[in-house]
Number of protein chains: 2
Amino acid sequence: MQDDTSSNPCPAPLVFAMIGGKWKLSILQILIFDGTKRFGELRKAIPEITQTMLTKQLRDLERDCLVERVVYAEVPPKVEYSATEDGVGLMPAFKEMHSWWETRKRSPKAP
Amino acid sequence: MQDDTSSNPCPAPLVFAMIGGKWKLSILQILIFDGTKRFGELRKAIPEITQTMLTKQLRDLERDCLVERVVYAEVPPKVEYSATEDGVGLMPAFKEMHSWWETRKRSPKAP
DNA sequence: TACTTAAGTATCAAAACGATACTATTGGAG
DNA sequence: CTCCAATAGTATCGTTTTGATACTTAAGTA
């Protein structure tokens, strides 16, 4: 895993930079499993995030082609976000994390 | 995935808090796939990290029972870090991330 | 005219992070 | 006896990220 078979360096740092932001996994999870969301819906879904940060992290995800942004020319404004095909490709990784947590809950440490 | 079948809230925020630090995924990956490492070896393996941050993130991971720390009473000091059983349980998630990247490389966007 | 709503910016304070220097320890060199 | 090497840290301070709050924009409505 440190190298793949073709002797490329392991992509881990690149991957972690793309999804490692403080809120990126939460945003991606919602868009991947729940589908398209408006800006305000994401804000409600992640109440702890600030508007500033949500905007910034979405821009980062958009730049990395994990999330797509569609603006409707309406007033009041309407902007929809959704996971791209690339982004949806992360679904199995999220599922693994989920089942890791579930397994973990069932084997608590002895006090 | 937002809720599991028993109607618990989705653990995503908890999971992401545990592994979401800037360097935690990198540290975990090394300990999970390469096994036990000394402090200095980790530092060499992640050249961009500062000593201060490495210490801090390792302490966080230790507190969350993902990493184990063993101090040897020697001079010069020797401290070994390894992934706990819990930590190793994340291996499938890392493998999924890896194959996501590999797949992704083979379907580049049209310019 | 003023008000409403949604999706942002702008601004400043707080927290996280980075760079660098310093500490503790002790067996061996001189 | 004194000094040094090696490792895993702390301490300190400056920079970058993040958070809290207020402000902006634009078109329809009262």
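Lettering of chains follows the sequences in order, A, B, ..., and the numbering in each one begins at 1.
Within the structure, every side-chain polar atom (N or O) of Tyr81(A) is placed at least 4.0 Å from both OP1 and OP2 of dA6(C). Arg38(B) has no side-chain polar atom (N or O) that falls below the 4.0 Å cut-off from OP1 or OP2 of dT7(D). Residue Arg59(A) places at least one side-chain N or O under 4.0 Å from the OP1 or OP2 atom of dT9(C).
Residue Arg43(B) is classed as having no contact, given no heavy-atom separation below 4.0 Å to the nucleic acid.
Distance CD (Glu48(B)) to P (dT16(D)): 18 Å, rounded to an integer number of Å. Residue Lys37(B) contributes atom NZ, which lies 15 Å from atom P of dT7(D) at whole-angstrom precision. The separation between Met53(B) atom CE and dT20(C) atom P is 16 Å, rounded to whole Å. Protein atom NZ of Lys22(A) is 7 Å distant from nucleotide atom P of dA16(C), rounded to whole Å. Rounded to whole Å, atom P of dT21(D) lies 17 Å from atom CG of Leu54(A). If you take NZ of Lys24(A) and P of dT17(D), they are 11 Å apart, rounded to a whole angstrom. The CD-C1' distance, from Gln51(A) to dA10(C), rounds to 12 Å in whole Å. For the pair Ile49(B) CD1 and dA16(C) C1', the computed distance is 13 Å after rounding to whole Å.
Ring-plane geometry between Phe16(B) and Phe94(A) is classed as perpendicular, the angle between the planes exceeding 60 degrees on a 0 to 90 degree scale with a lower cut at 30.
Side-chain atoms of Trp23(B) lie closest to dG18(C) of the nucleotides dG18(C), dT18(D), dT9(C). Closest to the side chain of Lys56(A), from the set dG9(D), dT18(D), dC17(C), is dT18(D). Minimum atom distance to the side chain of Thr52(B) is reached by dA19(C), of the listed dC17(C), dA19(C), dA10(C). Taking the side chain of Phe39(A) as heavy atoms from C-beta on, and the options dG8(C), dT10(D), dT21(D), the nearest nucleotide is dG8(C).
You'll find the side chain of Ile27(A) reaches within 4.5 Å of the side chain of Leu54(A), heavy atoms only.
Taking CG of Leu14(B) as the start and CD1 of Ile19(B) as the end, the distance is 11.5 Å to the nearest 0.5 Å. If you take CG on Leu28(B) and CG on Leu58(B), they are separated by 9.0 Å, rounding to the nearest 0.5 Å. Atoms CD and CE, from Gln29(B) and Met97(B) in turn, are 9.0 Å apart once rounded to the nearest 0.5 Å. One finds the OG atom of Ser26(A) at 9.5 Å from the CD atom of Gln57(A) (value rounded to the nearest 0.5 Å). Atom CH2 of residue Trp23(A) and atom OG1 of residue Thr50(A) lie 8.0 Å apart, to the nearest 0.5 angstrom.
Of the residues in residues 67-77 of chain B, those with a non-hydrogen atom less than 4.0 angstrom from any atom of DNA chain D are Arg69(B), Pro76(B), Pro77(B).
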